[in-house]
Asks: 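I have a structure here, written as structure tokens, and I will follow up with some questions on it.
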Amino acid sequence: MKTTDELLLTTPWFPTLTQELQDQVRQNVSLRDVAPDGYVCRRGEPSHCWFGVVDGLIKVCNTSSEGRIMTFAGLPPGAWFGEGTVLKGDRWHYDAIALRASLVACLPSALFFRLLDESIIFNRFVLEHVNERLGQLMAMVQSDRLTEPALRVANCLLAMFNPRLYPLGKTEIPLTQEEIGYLSGITRQKVNLAVRQMEALGLLSVSYGRVMVTDLHGLRRFATRTP
DNA sequence: TCATTAAATTGTT
DNA sequence: AACAATTTAATGA
């Protein structure tokens, strides 16, 4: 199991902080184990923390009154989320649920604000982070209107392997086809066909319980091609 | 270390 | 949604 320090050292902004701020972070960040299907945060609850995914996989989603689930993002290890809500001092507008056993780092909002006040590089990180999310959202709105399952899966994978948002991101993240289905909003059967189709194109390789992207650029081209 | 079994994941209908 | 086939992980000799 990873430690707080291990996560922090692989976080791009942490080593850039002053010694004093680093100590503050060390003292105030807490780790939380989340069981599969467990909540990291629920819609309507006040936000106390900025969250970082240490291990596992978190799904950010909302369940409408009719029970329809919409997924906004899948967050692999290395992802931080919730800055928007924390910044507004607002309540969560969405649920964050663990797709499998996960470990989440909680950075109290008071400290989050202090980092914003005192570190320019930290501001920069958050700004780029938000910017990248915006880009992802735009891509998602597009892919949402596409009926082609392979394109939806491709977009979903591109989001997960985004090296800007998830610098830890390797080209291989353990991800079952069922989980991809939850994240991209299509059935596992269609995911199965889609990933194999893309594997045949040499864009990725699938094996038991994992998908490895072998050609990130090719996958980008595939996702943005005009049919 | 190897064989057996259970659980998880995949492939098909 | 259900089923069979396959892969992995766990167990114990």
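Reminder, nothing fancy here: chain letters follow the sequence lines and each chain counts from 1. This one's a predicted model, so the numbers in the text were calculated from it and none came from an experiment.
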Asks: When the distance from CZ of A/Arg210 to C1' of B/dT10 is rounded to whole Å, what number comes out?
Replies: 14 Å

Asks: From CD of A/Glu178 over to C1' of C/dT7, roughly how many Å is that when rounded to an integer?
Replies: 16 Å

Asks: Once rounded to the nearest 0.5 Å, what's the spacing between atom CZ of A/Phe14 and atom CZ of A/Arg26?
Replies: 4.0 Å

Asks: Just the rounded figure in Å: distance from C1' of C/dA5 to CD of A/Gln177.
Replies: 14 Å

Asks: Between B/dT13 atom P and A/Lys190 atom NZ, what is the distance in whole Å?
Replies: 15 Å

Asks: Answer yes or no: is there a side-chain heavy-atom contact under 4.5 Å between A/Leu57 and A/Ile173?
Replies: no

Asks: Please tell me if the side chains of A/Phe122 and A/Thr16 come closer than 4.5 Å, counting only heavy atoms from C-beta onward.
Replies: no

Asks: Over how many whole Å does the gap from A/Leu57 atom CG to B/dT9 atom P extend?
Replies: 12 Å

Asks: Report the distance from atom CD1 of A/Ile180 to atom C1' of B/dG11, rounded to the nearest whole Å.
Replies: 15 Å

Asks: Hey, can you pull the donor-acceptor pairs under 3.5 Å for the side chains in residues 194-206 of chain A, sequence neighbours left out?
Replies:
from	atom 1	to	atom 2	distance (Å)
A/Arg196	NH1	A/Asn192	OD1	2.7
A/Glu199	OE2	A/Val206	N	3.1

Asks: Please state how far atom CG in A/Asn192 lies from atom P in B/dT13, giving the value in whole angstrom units.
Replies: 12 Å

Asks: Using heavy atoms to find the nearest nucleotide of DNA chain B for A/Arg196 and A/Glu179 separately, return the residue whose nucleotide is more 5′.
Replies: A/Glu179

Asks: Tell me the interatomic distance from A/Arg188, atom CZ, to C/dA5, atom C1', rounded to whole angstroms.
Replies: 12 Å

Asks: When rounded to the nearest 0.5 angstrom, what is the spacing between CD in A/Glu83 and NZ in A/Lys88?
Replies: 10.5 Å

Asks: Indicate yes or no: at least one non-hydrogen side-chain atom of A/Thr85 is less than 4.5 angstrom from one of A/Trp50.
Replies: no

Asks: Find every protein N or O atom lying less than 3.5 Å from an N or O atom of nucleotides 3-8 of chain B, and list the pairs.
Replies:
from	atom 1	to	atom 2	distance (Å)
B/dA8	N3	A/Tyr208	OH	2.7

